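Some notes on the structure that comes next.
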Amino acid sequence: MFVWESPNFGDGAKYGYHMHSRDREVYQREVHEARYYGIAIEMLRSGGGQDNPNVYRFAVDQLLSQGEDSFETELFFMLNLLQENTGAVGVFPSDASRDDYLETVHLNWEFFPPGTRDEVVGRMIGHRQISPEEAETVAARVELFSRLRPRAYLKGTGGMSSYVGAQFADDLVVFENVKYGNAMYILFDEWQEISQRSRLEILGNTDARFDRIVHRDGWEAVFRKKLQIEKRKRRIFD
C-alpha cells in the first residue's frame, strides 16, 4: 500500500491536508547489510616448480555455528563469496589441520583385483566410519561397475578415501566421489596424471580429455552405454 498527503483545495497551509492510499503490485526487495567479511590467504605448502606448485588456502575469516538461525544463509553467502573471488569452494571444520586441507588437493589410488560384491565393498569402505547413505552408494557403484567387468577396482587413499572407481583398460578408468555423488568421471589417456588434479582443475583445464556424467534421471543407462562403446573401441568383449 502506498500512502501520501495532498493539500485541501490546493493550499495546505490554509486548509490543511488529507491522506490518499493505493494498493499496487511491486517486486519485493531484500536489503543485505555489509558483512565486512575478509578472505585470509595462507601458504600451506611451498613447492618447487610446475610439477610441484605452491598450495594456498583462501578462507573467509569468519566462523559459523550450526546452532545459529542464520547458519544456512551465511554459509551460502560465504561459499558464493569464495566462488566469485577464487573459483574454488569447500567447507572445513574450524579445527581442521594443515594436513586436512592438503589431503584434499591430490588424489592417489589403491588398486585391488575383482572379487565378490561383498569383498569389494568391504575393501572400498575399509575401517573408516561412513554414513549409511555413503555405504549404500558404495554398494550401488560396485554393483554398477561389476556388470561391466572391470579388470581392477580403485579406492582413493588418505583423505581422499571417499573416491571409488574401476579400471577397464590401460586408458579407461571411471571414478566418483561418493560423499557428494554429483557426477561420474570417465578418464582416458594419461588418466594417472589427470586424476591427480582437483575437480576444479579437471573441469577448468581444456587439455584434459574426459567425460563427466551428471546424476540426472537415466544417468546409469548413459554411463553403461558410454562404457560399452569405449570397451568395443579397445576390442574388449565380455
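In this text, all values refer to a predicted model and were calculated from it rather than measured experimentally. Sequence positions, counted from 1, serve as the residue numbers for this chain.
For Asp61, the CG atom sits in a packed shell: over 12 heavy atoms of surrounding residues, nucleotides or ligands are nearer than 6.0 Å. Within 6.0 Å of the CD atom in Glu42, the count of heavy atoms belonging to other residues, nucleotides or ligands exceeds 12. For Tyr15, the OH atom counts as loosely surrounded, since its 6.0 Å shell holds 12 or fewer non-hydrogen atoms of other residues, nucleotides or ligands.
Legend: residues meeting salt bridge (Lys or Arg N to Asp or Glu O under 4.0 Å) with Glu110, ordered by chain and number and at least two apart, are Lys155. In terms of the side chain to side chain contact (heavy atoms under 4.5 Å, CB included) criterion, residue partners of Ser21 (sequence neighbours excluded) are, by chain and number, Met1, Val3. Under the salt bridge (Lys or Arg N to Asp or Glu O under 4.0 Å) criterion, Glu72 pairs with no residue, sequence neighbours left out. Legend: residues meeting salt bridge (Lys or Arg N to Asp or Glu O under 4.0 Å) with Lys233, ordered by chain and number and at least two apart, are Glu230. Taking the side chain to side chain contact (heavy atoms under 4.5 Å, CB included) definition, one finds that Arg22 meets it with Trp4, sequence neighbours left out. Residues satisfying the ring-ring contact (aromatic ring centres under 6.0 Å, His included) test with Tyr56, not counting sequence neighbours, are none.
Annotation for His18 and Asn8: closest pair ND1-OD1, 2.6 Å, computed over non-hydrogen atoms. Closest approach of Pro114 to Pro150, counting heavy atoms only: CG-O, 3.4 Å. In plain terms, the two heavy atoms of Ser94 and Leu63 that are nearest each other are CB-CD2, 3.9 Å. Residues Ala135 and Ile125 share a closest heavy-atom pair of CB-CD1, 4.2 Å.
Defined by atom type and a distance below 3.5 Å, a donor-acceptor pair is present between the side-chain atoms of Ser6 and His20. No hydrogens or angles considered: a donor-acceptor pair under 3.5 Å links the side chains of Glu74 and Tyr37.
Asp170 and Arg151 are joined by a salt bridge, as a carboxylate oxygen and a charged side-chain nitrogen come within less than 4.0 angstrom of each other.
Between the side chain of Glu84 and the main chain of Leu81, no donor-acceptor pair closer than 3.5 Å is present.
Using bins of under 30°, 30° to 60° and over 60° for the plane-to-plane angle, the ring pair Tyr153/Phe145 lands in the tilted bin.
Phe77 carries Arg35 over the face of its six-membered ring, with the cationic atom under 6.0 Å from the centre and within 45° of the normal.
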Checking side-chain contact (heavy atoms from CB on, under 4.5 Å) for the pair Val55/Met43: CA distance, chi angles, key distance, verdict?
CA-CA 6 Å; Val55 177; Met43 178 185 284; over 6 Å; no
